[in-house]
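Below is one structure, written out as C-alpha cells; comments come after it.
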Amino acid sequence: MTSLAADGEDVPGPPYVPSSGAQPNYASAAAALAERYESLTFESVHGQILHLLPQSPVRVADIGAGTGRDAAALAGRGHEVLAVEPVRELRLVAQQLHPDVPITWLEDSLPGLERVEGRFGLILLSAVWMHLEPRERTAAMRRLAELLAPGGLLLISLRHGPPPADRTMFDVPAAETAALAQECGLGLAHLGGGQDQLDRNEIHWSELALRKGPV
C-alpha cells in the first residue's frame with residue numbers, strides 16, 4: 001500500500017492490489033478525468049442534499065475521492081476529511097489540484113475498506129457504487145454501516161445509463177440500494193437526482209442520503 005499524507009508525500013506500506021476492474025482506465029485517463037470532474041462544483045453536483053450536511057465539524061470519509069473536488073469542498077467546510085482513492089494517478093492529480101487543503105489520502109477500496117479506521121459522521125460515495133458487482137454490494141454496505149457513527153449520514157450517487165466501453169459499471173436501481181441499506185440499519189432520509197450535469201443526454205443520476213439510526 002501507498003498512502004498519501006496531507007502534504008502529498010507517499011508513505012510506504014504493504015503492497016496493495018486494487019480490486020476494481022475499472023481502475024486501469026482511471027489511471028491512464030487521470031488528467032482528462034480531472035478536467036471533467038473539476039469543471040463542476042461540489043455544490044452544483046450535490047445541491048439537493050446540502051441541507052443535510054452536518055453543520056458542526058465531523059470526521060468525513062470520501063470513498064473513491066477521485067481528483068479531490070468533493071474532499072476539498074468538505075474540508076473547506078471545516079470537516080476532518082479522509083479521502084480514500086485506490087488509483088495512485090488520481091491521488092497525485094488531486095494533490096496537485098488541492099495542495100493547500102487539509103486532506104488525508106489513503107489507498108483503499110470497497111467492498112472491504114480494510115485500511116479505513118474509526119467512525120465517521122459523514123461518508124460520501126460519489127459515482128462509486130456503480131463499479132461494484134452485485135456480489136460485492138452487500139458486504140460493502142455492511143462495511144459502510146459499520147464505519148458510520150450513530151446518526152451519521154451516508155451519501156451515495158448512482159449513475160444510470162449505458163456504461164463506457166472501457167469501464168466496468170452497473171446500472172444499480174435506487175430502490176435496490178435503499179433496501180440494502182435498510183437491511184444494514186440505515187434509513188432513507190432523501191432520494192433525489194436528475195439529469196447529467198456534463199450534458200450527456202443518455203445519462204441521469206439518483207442521489208440517496210441514508211442515516212444510521214432514526215431518520
Side-chain angles (χ1 to χ4, degrees), residues 1-20 42 46 49-50 52-88 90-91 94-95 98 100-129 131-132 136-157 177 180-190 208-215:
M1 176 189 72
T2 299
S3 62
L4 282 80
D7 60 6
E9 294 297 320
D10 283 354
V11 180
Y16 175 76
V17 180
S19 61
S20 170
F42 171 81
H46 302 291
I49 50 82
L50 293 179
L52 295 173
L53 297 180
Q55 297 302 305
S56 300
V58 298
R59 288 192 76 211
V60 173
D62 184 3
I63 309 299
T67 58
R69 178 199 65 204
D70 295 347
L74 290 165
R77 289 170 175 256
H79 301 297
E80 178 187 343
V81 179
L82 174 68
V84 180
E85 174 52 57
V87 181
R88 182 175 184 271
L90 288 176
R91 297 198 313 272
Q95 292 291 326
H98 309 285
D100 301 319
V101 184
I103 300 170
T104 299
W105 286 87
L106 179 68
E107 184 178 17
D108 205 347
S109 63
L110 288 165
L113 294 175
E114 297 173 357
R115 297 175 174 88
V116 178
E117 299 178 346
R119 296 287 186 90
F120 298 86
L122 176 67
I123 299 177
L124 174 66
L125 281 78
S126 183
V128 171
W129 197 254
H131 293 307
L132 294 178
E136 297 177 311
R137 292 174 201 152
T138 298
M141 189 65 77
R142 287 175 179 164
R143 179 61 174 144
L144 292 167
E146 180 182 56
L147 290 170
L148 273 179
L153 197 66
L154 171 63
L155 305 177
I156 300 179
S157 64
T177 307
L180 179 57
Q182 186 175 22
E183 293 175 8
C184 298
L186 307 181
L188 183 64
H190 170 85
L208 295 84
L210 304 152
R211 193 173 298 279
K212 186 172 184 177
V215 175

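Numbering of residues begins at 1 and proceeds along the displayed sequence. Side chains included, hydrogens not; waters and symmetry mates left out as well; all remaining heavy atoms used.
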Pairwise distance CD(Q95) to OG1(T67) - rounded to 0.5 angstrom: 11.5 Å

Does the side chain of H46 come within less than 4.5 Å of L155's, by heavy atoms? no

The reported gap from CD in E117 to CG in L147 (rounded to nearest 0.5 angstrom) is 10.0 Å

Give a yes or no on whether the backbone of V58 and the side-chain of H79 come within a donor-acceptor separation of less than 3.5 Å. yes

Might you confirm whether atom CD of E146 has over 12 heavy atoms from other residues, nucleotides or ligands at distances under 6.0 Å? yes

Could you go through L144 and L125, starting from their C-alpha distance and side-chain angles, then the distance that decides it, and tell me whether this counts as side chain to side chain contact (heavy atoms under 4.5 Å, CB included)? CA-CA 10 Å; L144 292 167; L125 281 78; 4.0 Å; yes

Rounded at 0.5 Å granularity, tell me how far CG in L82 sits from CG in L74. 12.0 Å

If we ignore hydrogens and angles and just use 3.5 Å, is the side chain of K212 paired with the main-chain N or O of G185 as donor and acceptor? no

Pair V60-I123, side chain to side chain contact (heavy atoms under 4.5 Å, CB included): steps then yes or no: CA-CA 6 Å; V60 173; I123 299 177; over 6 Å; no

Contact summary for C184 and A145, nearest pair of heavy atoms: O-CB, 3.6 Å

Look only at the side chain of R137 and the backbone of L132, and say whether a donor-acceptor pair between them is shorter than 3.5 Å. yes

Shortest non-hydrogen contact from A209 to L153? CB-CD1, 4.2 Å

Compare all side-chain heavy atoms of T177 with those of M141 and state whether any distance is below 4.5 angstrom. yes

Given 3.5 Å as the limit, does a donor-acceptor pair link the side chain of D108 with the main chain of P86, or not? no

Can E80 and I103 be said to form a side chain to side chain contact (heavy atoms under 4.5 Å, CB included), step by step? CA-CA 7 Å; E80 178 187 343; I103 300 170; over 6 Å; no

Please tell me if the side chains of W105 and V84 come closer than 4.5 Å, counting only heavy atoms from C-beta onward. no

Heavy-atom pair with the smallest gap, counting every atom of G66 and A94: O-CB, 3.9 Å

Please test L154 against R211 for side chain to side chain contact (heavy atoms under 4.5 Å, CB included), starting from the C-alpha separation and ending with a verdict. CA-CA 6 Å; L154 171 63; R211 193 173 298 279; over 6 Å; no

Do R77 and L53 make a side-chain contact, defined as non-hydrogen atoms from C-beta onward lying under 4.5 Å apart? yes

Value for OG (S126) from CZ (F42), rounded to nearest 0.5 Å, stands at 8.5 Å

Do the non-hydrogen side-chain atoms of P111 and R143 ever get within less than 4.5 Å of each other? no

A127 and S157: which non-hydrogen atoms are nearest, and at how many Å? N-OG, 2.7 Å

Side chain proximity check, I63 to L113, heavy atoms < 4.5 angstrom: yes

Taking all atoms of both residues into account, what is the closest heavy-atom pair of A75 and P102, and its distance? CB-O, 4.0 Å

What's the separation between atom OG in S109 and atom CZ in R115, rounded to the nearest 0.5 Å? 8.5 Å

So, do P150 and R119 sit near enough that their side-chain heavy atoms are less than 4.5 Å apart? yes

When rounded to the nearest 0.5 angstrom, what is the spacing between CG in D62 and CG in L124? 4.5 Å

For E85 and R91, indicate whether the former's side chain and the latter's backbone hold a donor-acceptor pair under 3.5 Å. no

